[in-house]
Amino acid sequence: VSQSRYKVIRVGDNVSWRGSWGSQPAKLAQVVHIEKTEQRRQKYGHSVNEVSLSEKDYAVFSLNNGHWAYGEQIDHIEDVPEVL
């Protein structure tokens, strides 16, 4: 888990994403939508603009690469060059 100074992941933030339920190598992505869920690994919840890092496993993230991810598949990235 990232040692980020940030306490939340917001729509528009850069993340390190691991596909195939976390088994693939990490790739850069940007969060385009977040749904907060009531249980871990639920695919649908209610739309929010941010989620705390301590609750990210209770969220589903849509990414700018056309994929979605559970919270355990992503880590927040602070300073990424404008390559996304």
Side-chain angles (χ1 to χ4, degrees):
V1 173
S2 171
Q3 297 299 317
S4 172
R5 70 176 185 266
Y6 297 100
K7 305 242 190 259
V8 297
I9 296 177
R10 293 183 174 94
V11 171
D13 282 356
N14 297 311
V15 294
S16 171
W17 162 76
R18 293 176 316 279
S20 293
W21 292 272
S23 66
Q24 292 183 342
K27 295 180 182 177
L28 293 177
Q30 190 174 60
V31 176
V32 296
H33 184 80
I34 303 170
E35 289 192 29
K36 181 83 169 67
T37 63
E38 292 189 23
Q39 297 178 16
R40 291 181 65 166
R41 291 190 153 248
Q42 269 187 309
K43 189 168 177 190
Y44 301 104
H46 63 276
S47 185
V48 296
N49 289 325
E50 65 183 34
V51 66
S52 69
L53 289 178
S54 64
E55 295 183 316
K56 76 177 178 98
D57 288 351
Y58 293 87
V60 177
F61 299 84
S62 296
L63 307 172
N64 70 335
N65 60 9
H67 294 277
W68 61 270
Y70 293 121
E72 69 221 33
Q73 292 177 257
I74 65 168
D75 288 311
H76 190 265
I77 297 178
E78 292 181 32
D79 299 314
V80 175
E82 294 287 329
V83 295
L84 297 177

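Here the side chain of K56 pairs a donor or acceptor atom with the backbone of I74 at under 3.5 angstrom. Within the 3.5 Å criterion, the main-chain N or O of I77 finds no donor-acceptor partner in the side chain of N14.
Cluster annotation: L53 is connected to V48 through the hydrophobic network of ILVMFWY side chains, with a link wherever side-chain heavy atoms come within less than 4.5 Å.
Taking each heavy atom of T37 and A59 in turn, the nearest pair found is OG1-N, 3.7 Å. Between H76 and V15, the closest heavy-atom pair is CA-CG1, 4.3 Å. Minimum interatomic distance between E55 and V51 (heavy atoms only, all atoms of both residues): O-CG2, 3.8 Å. Across all non-hydrogen atoms, the minimal contact from F61 to G71 is CE1-CA, 3.7 Å. Listed here is the closest heavy atom pair of I34 and I9: CD1-O, 3.5 Å. Of all the heavy atoms in H33 and V11, the pair that sits closest is CA-CG2, 4.2 Å.
The side-chain heavy atoms of Y58 and R40, taken from C-beta on, include a pair separated by under 4.5 Å. By the 4.5 Å heavy-atom criterion applied to side chains, Q42 and E35 are not counted as neighbours. Side-chain contact between L63 and V31 is present, with heavy atoms from C-beta onward closer than 4.5 Å.
Remark: Y70 engages W21, R41, V60, W68, E72, Q73 in a side chain to side chain contact (heavy atoms under 4.5 Å, CB included) (not counting sequence neighbours).
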